[in-house]
2 protein chains.
Amino acid sequence: MKCPEGSLQVVRKHGKERQKKSAKRSAPPGGWNADAQSMRTIAQLAGVSSATVSRVINGSTAVREETAERVRQVIREQRYFPNTSAITMKYGRSGTYGVILPDITNPFYPDFVRNFEAILLERNLELLLATTDFHTARIQQSIRRMLVRRVDGVAFLSSEEERDSLAALVHNRVPVVTADLQKTAVGVSDVAIGFAQGMAEAVRYLHGLGHREIGFVGGNEGITTSNVRRDSFVAAMQGAGLAVHEELLLTGDYRISGGVAAAESLLQIKRRPTAILTANDLTAIGVLRELHRRGVRVPEEISLVGCDDIEYCDIVSPPLTTLRISRLELAQRYMTALEAGRDVTQKGKQYWVVPTLVIRSSTGPAPKAVRKKRQK
Amino acid sequence: MKCPEGSLQVVRKHGKERQKKSAKRSAPPGGWNADAQSMRTIAQLAGVSSATVSRVINGSTAVREETAERVRQVIREQRYFPNTSAITMKYGRSGTYGVILPDITNPFYPDFVRNFEAILLERNLELLLATTDFHTARIQQSIRRMLVRRVDGVAFLSSEEERDSLAALVHNRVPVVTADLQKTAVGVSDVAIGFAQGMAEAVRYLHGLGHREIGFVGGNEGITTSNVRRDSFVAAMQGAGLAVHEELLLTGDYRISGGVAAAESLLQIKRRPTAILTANDLTAIGVLRELHRRGVRVPEEISLVGCDDIEYCDIVSPPLTTLRISRLELAQRYMTALEAGRDVTQKGKQYWVVPTLVIRSSTGPAPKAVRKKRQK
DNA sequence: TTGAAAGCGCTAACAC
DNA sequence: GTGTTAGCGCTTTCAA
């Protein structure tokens, strides 16, 4: 189909004719022009050049107030709004920050997104969201999406360590902020959760309640953030002078299902713990659910501590004791890191968010007495 | 600051010099060029014109295979990726769909986003997310964000009816798909939930269990989707030949807090219902929580039915009976509607998703006998 | 089969 | 104080 009707095409509208093009557009009787308007349209209607329109929009003082007002008037009448892709093209930056998440169905992340979006909105910035479902391929795809959209920075909350993929961002001058990797690199900052303190506090608290056999259900095997949490737990136990039993160190998947599975295994073990710490609340909820199903009472027989403090901690029964990680603080830290990291030739900085222990009803005194009685 | 150092600026790099500009960029020793690459860079390295590079990237057959391969080689070596804002500018469309949500912390929506994102990904499309927190100002702001980013369509799941704001989208040739308004307009399609059937099924089920005094806790007062749900409930009751008592028709806010508040009121009322239907699961969870706190047993004293079937229905105790709305189906319907609605001069279509009743443990036989005994 | 060049909307450097 | 114009990266005629 090469336009058989032809002749029309012969009229080339090149060169100087460009100027005339949008002049031909006339507003329909109903009101304003349905076509996307450009600055030229506005300029012509206001009897100025597009440069002046640009100046008015960007608040340049070098425009006579009278002219500016006329331009603003036309802008309002025409309901004109700028085309950000032109601006993006001009500057090579898009006023957009990317957020890469592992799993948007974990309530922790929507909460983060909500806070982060609010911060961006204040700065008139945009959010580009990508979720990875813990898949490496999706991570790489997400990073590419960020690159082609020319984002100004990436908040990378996907737990997996992806140095190589992230390098592509840094090479393209896109600062990156990772989650909880506890290390930085050129162009890559990190926001870590103070699990050392958090786990220490939780273990101390449980120890104070008389617990000595404490189990841990981590996140996905091999993922960096899982390791950090597990190691922090182990360190906390040692710090409290408690023995860590390998068989009580389980892995989950940061989801309810993983908690359920871990609880199943835990109940098979002879050395049953009197308390369980988990890598996140969903895991704890899964554990709770399985314990409940098996008729194990919480906290009478086993105490349970989650991590994150998602809203649902408070609706399960018993409400979960948990290590709260403030999503607002996290979002703020990310924004700070992103802004401070704009120069990707510099080494990134390390930021911290310290969790706080929120005590609810899933924890109680260790059941020594109870167990002894039963065993008789 | 008008460049006092002057002389350097005198060398204007205009006109034909443009061609030379990127030729000066040389790849650093480490490997590939850290500057964002353009097609010109690739073209020069491959010894072709940028038009040819474009053809190769877009799979035009009119390129000799040998040339094409050479170009692909350079693209790989240079890790080149296109700049979408240039494409957006060229076409006036961005390959992005906007999603406007009321509240991303309601697990229903992340679930939707997840499914919708997956569908977009298949089509190589992007997602622009905005949340409104039920505020009109935020809705308008979101719509503007969609406009300036030149989205190709908007999935508007924010419950409030915003005909006027949405008109701005349609005027700019952006098709809109609303949620559950049960009406369409030029350029505006709608995906509605079959609450008529759903509520009828739920009421029939409860009626079958002997319930006659059934209460309803809706969503935010005055919001269209709230009205639809309440009206569907009322119709369902009438259809089942049951009386609707005004005092048993309460409003909530689609959140846990609203359910809590509604339950408080409900327990004050003399005519205590034996069953409660709610506008969504969060509301039901709130009701459940308050009933639990007040020592009212579910389902022995009061049966409870939610709506949505979020994951947390299954972790509260007792697990919630609910009207399941499939997020996958919803996302698919939205995509279909968005694609079918591309011609904004046509009237939109009405689509439906029918909920299904999922029976868990929060519902049981009406407690007639129990109550009578107690009253003695 | 390939290249040259216009043009998408915007900004900024420069001219007046 | 305002206008003119190049140029951001890409696609797409049209010409060769």
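- Counting to the nearest Å, the C1' atom of C/dG3 and the CD atom of B/Q44 are 13 Å from each other.
- In this structure, the CG atom of B/N83 is 13 Å from the C1' atom of C/dC8, given to the nearest Å.
- Checked against the 6.0 Å centroid threshold, A/Y351 and A/Y334 do not count as a close aromatic pair.
- Classification of B/D133 and A/R114 as a salt-bridged pair holds, one side-chain N sitting under 4.0 Å from a carboxylate O.
- At a threshold of 4.0 angstrom between heavy atoms, the contacts of A/T67 are confined to the sugar-phosphate backbone, with no base atom among them.
- Near DNA chain D, defined here as any heavy-atom distance below 4.0 Å, the residues from residues 48-56 of chain A are A/V48, A/S49, A/A51, A/T52, A/R55, listed numerically.
- Ranked by how close their nearest DNA chain D nucleotide is to the 5' end, A/K90 and B/M39 are led by A/K90.
- The pair B/E69-B/R76 meets the salt-bridge criterion, since a charged nitrogen lies less than 4.0 angstrom from a carboxylate oxygen.
- At whole-Å resolution of the value, CZ in B/R40 and C1' in C/dA4 are 13 Å apart.
- Taking atom CD1 of B/I42 as the reference point, atom P of D/dG9 lies 12 Å away to the nearest angstrom.
- Side-chain proximity of A/R64 to the nucleotides C/dG9, C/dT11, D/dT2 is greatest for D/dT2.
- Atoms CD1 (B/I57) and P (D/dC10) sit 7 Å apart, rounded to a whole Å.
- Remark: A/E65 engages A/R72 in a salt bridge, criterion side-chain N to carboxylate O under 4.0 Å.
- Between B/Y91 atom OH and D/dT12 atom C1' the separation is 8 Å, expressed in whole Å.
- If you take CD1 of A/I75 and C1' of C/dG9, they are 14 Å apart, rounded to a whole angstrom.
- Ion pairing of B/R123 with B/E117 is absent here, as no side-chain N (NZ or NE/NH1/NH2) approaches a carboxylate O to less than 4.0 Å.
- Mapping A/Y80 and B/V63 onto DNA chain C via the closest heavy atom, the residue that lands nearer the 5' end is B/V63.
- The nucleotide whose nearest atom lies closest to any side-chain atom of A/I87 is, among C/dT11, D/dT11, C/dT2, C/dT11.
- Here the side chain of B/S60 pairs no donor or acceptor atom with the backbone of B/V56 at under 3.5 angstrom.
- B/E69 has its CD atom 13 Å from the P atom of C/dT2, to the nearest Å.
- When atom types are taken as modelled, the side chain of B/D190 and the backbone of B/L181 share a donor-acceptor pair closer than 3.5 angstrom.
- Counting non-hydrogen atoms under 4.0 angstrom, A/S85 reaches nothing in the nucleic acid.
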